[in-house]
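Below is one structure; the comments refer to it alone.
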Amino acid sequence: MHFDAGKLNKRIIFTTHTEITNSIGQIILQEQPIKTVWANIMPIRGFEQTLEERLRPETVYRILTRYHRGITPNMKIKYKDKLLHITEIINVDEGDFVLEITATSKEKRHGEE
């Protein structure tokens, strides 16, 4: 696969959630940044999915970045104001050079949190 590093022009942050204990002893999940990298990110399709009888738009992204050890599907990606859920990670040509990641973003409808 030809890889043009000059197209890695977007900053993304890989994040994970860790359990911490707050000041009153409750265990809460806290988002923790793992790694900030340059990437090429492209929306490849959008569709609507029924969720509890409501339609919610979803966009699928294709993300190319240099190979980074330890990136797993249970991580999320922050890009601008979006939180992307990783669905697939491919180590292109098994070469430890390029990662091709597929991720989805479920868009919030007006008034949703």
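Keep in mind that the numbers below use all heavy atoms, side chains included, and drop hydrogens, waters and symmetry copies.
The side-chain heavy atoms of Gln32 and Gln30, taken from C-beta on, include no pair separated by under 4.5 Å. Using a 4.5 Å cut-off on side-chain heavy atoms (C-beta onward), Leu84 and Ile41 make contact. Between Asn91 and Tyr67, some side-chain heavy-atom pair lies under the 4.5 Å cut-off.
Taking Ile, Leu, Val, Met, Phe, Trp and Tyr as hydrophobic and joining them when side-chain heavy atoms fall under 4.5 Å apart, one finds Ile28 in a cluster with Ile20. Membership of an apolar cluster is not assigned to Leu29, as no side-chain contact below 4.5 Å to another ILVMFWY residue is traced.
The cluster map of Ile, Leu, Val, Met, Phe, Trp and Tyr, joined by side-chain heavy atoms under 4.5 Å apart, puts Val92 and Phe97 in the same cluster.
Residues Ser105 and Tyr61 approach most closely at CB-CE1, 3.6 Å, considering heavy atoms. Across every non-hydrogen atom of Leu8 and Arg66, the tightest pair is CD1-CG, 4.0 Å.
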| task | May I have the step-by-step check of side chain to side chain contact (heavy atoms under 4.5 Å, CB included) for Phe14 and Ile101, ending in yes or no? | result | CA-CA 12 Å; Phe14 290 98; Ile101 301 168; 3.7 Å; yes
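Here the CD1-CG distance, from Ile90 to Leu64, works out to 10.0 Å after rounding to the nearest 0.5 Å. Separation of atoms CD1 (Ile77) and CD1 (Ile86) is listed at 4.0 Å; rounding is to 0.5 Å. Taking CD from Glu100 and CG from Asp93, the interatomic distance works out to 10.5 Å, rounded to the nearest 0.5 Å.
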Determine all donor-acceptor pairs shorter than 3.5 Å in which one atom belongs to a side chain in residues 69-76; sequence neighbours excluded.
{"unit_1": "Thr72", "atom_1": "OG1", "unit_2": "Asn74", "atom_2": "OD1", "d": "2.2"}

Name every donor-acceptor pair, under 3.5 Å, that has one atom in a side chain of residues 33-40 and the other anywhere in the protein, sequence neighbours excluded.
{"unit_1": "Asn40", "atom_1": "ND2", "unit_2": "Lys7", "atom_2": "O", "d": "3.2"}

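For Lys78, the salt bridge (charged side-chain N to carboxylate O under 4.0 Å, His left out) partners are Glu31, not counting sequence neighbours.
Sorted pairs that involve residues 11-20 and meet salt bridge (charged side-chain N to carboxylate O under 4.0 Å, His left out), not counting sequence neighbours, are lacking altogether.
In terms of modelled atom types and a separation under 3.5 Å, the side chain of Thr87 and the main chain of Thr102 share a donor-acceptor contact.
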